[in-house]
Amino acid sequence: LHFLPQVCGCIILGFSIWIRVSSTRQVNACSHTSIIIFSGVNLLIAVGAIIMILGFLGCCGAIKESRCMLMLFFIALLLILILQITGGVLGAVYKPQVEEAFNRTLNASVHALQSTTGEYKEYQEEFQELERKEKCCGLLNGYKDWGQNFYTPSSKICQCELDKTSSDLCIKYNGRYIYK
């Protein structure tokens with residue numbers, strides 16, 4: 001039972017590293033999106049490492065009955081509790097600013113999808129791949145997020161695969177099946 005926090009820290013650390021590695025390919029073309037996503041993942045990596053180290057301190061302190069290690073464990077847990085309460089209060093106070101920043105990021109991503117200049121071509125291609133993988137279309141307003149790019153003759157944006165044109169995944173629009 002003493003090693004449970006260390007195991008939880010290992011799980012958080014492993015999962016967040018996996019997210020970091022697998023999401024690098026999907027968001028590397030759009031730097032403003034990757035900054036937000038990677039900062040959250042980096043925070044999870046740090047939290048997992050800290051929990052793992054604290055779990056080790058607590059486990060060793062309990063086994064060896066070391067007052068010093070147990071005191072360090074207690075102080076670290078107290079600091080984490082204070083940080084969590086502070087984070088919750090700051091999150092509640094600055095909620096409108098966080099939502100505004102999130103909406104700006106979404107709008108910038110929609111703008112990148114609608115661009116016809118070729119500046120965001122790599123991002124658009126990777127986003128199409130993400131849409132095919134996740135069987136979805138767009139960020140906010142479905143196919144409308146793609147603007148004029150959706151209507152180009154050779155466009156396969158949001159296009160359902162022929163064997164997957166079931167009514168719960170796809171709709172027929174403009175003579176082709178697209179994801180809802």
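All heavy atoms count here, side chains included; hydrogens, waters and symmetry mates do not. No experiment lies behind these values; they were computed from the predicted model shown.
- With values rounded to the nearest 0.5 angstrom, N107 atom CG is found 9.5 Å from Q114 atom CD.
- W146 and L106 fall within a single hydrophobic cluster, where Ile, Leu, Val, Met, Phe, Trp and Tyr side chains are chained together by heavy-atom contacts under 4.5 Å.
- Environment of OH in Y173: crowded, with over 12 heavy atoms of neighbouring residues, nucleotides or ligands closer than 6.0 Å.
- Cation-pi check for R176 over Y143 is not met; the charged atom does not lie both under 6.0 angstrom from the ring centroid and within 45 degrees of its normal.
- I51 and L72 sit in two unconnected hydrophobic clusters of ILVMFWY residues. Membership requires side-chain heavy atoms under 4.5 Å apart, directly or through other members.
- For Q97, the CD atom sits in a packed shell: over 12 heavy atoms of surrounding residues, nucleotides or ligands are nearer than 6.0 Å.
- Side-chain contact between L113 and Y123 is present, with heavy atoms from C-beta onward closer than 4.5 Å.
- Using modelled atom types, no side-chain atom of D145 and backbone atom of V110 make a donor-acceptor pair closer than 3.5 Å.
- Y179 and E131 make their closest contact through CE1-O, 4.2 Å (heavy atoms, listed as atom of the first residue, atom of the second, distance).
- Minimum interatomic distance between F150 and I157 (heavy atoms only, all atoms of both residues): CE1-O, 3.7 Å.
- The minimum heavy-atom distance linking G58 with L70 is given by the pair O-CD2, 4.1 Å.
- Placement of M71 and L54 in two distinct hydrophobic clusters is found when ILVMFWY residues are connected by side-chain heavy-atom separations under 4.5 Å, directly or transitively.
- Ion pair R104/E100 flagged as a salt bridge, since at least one NZ, NE, NH1 or NH2 atom sits closer than 4.0 Å to an Asp/Glu carboxylate oxygen.
- Nearest heavy atom pair, residue S16 against residue I45, reads OG-CG1, 3.3 Å.
- Looking at Q124, its side chain does come within 3.5 Å of a backbone N or O of S115 through a donor-acceptor pair.
- In this structure, the separation between CD1 on I75 and CG on L78 is 8.0 Å, given to the nearest 0.5 Å.
- Separation of atoms SG (C170) and CD1 (I178) is listed at 9.0 Å; rounding is to 0.5 Å.
- Linking ILVMFWY residues whenever their side-chain heavy atoms come closer than 4.5 Å, directly or via other members, places I17 and F15 in the same cluster.
- Taken together through direct or relayed side-chain contacts under 4.5 Å among Ile, Leu, Val, Met, Phe, Trp and Tyr, L57 and M52 form parts of separate hydrophobic clusters.
- Considering all non-hydrogen atoms of both residues, C158 and G138 come closest at SG-N, 4.2 Å.
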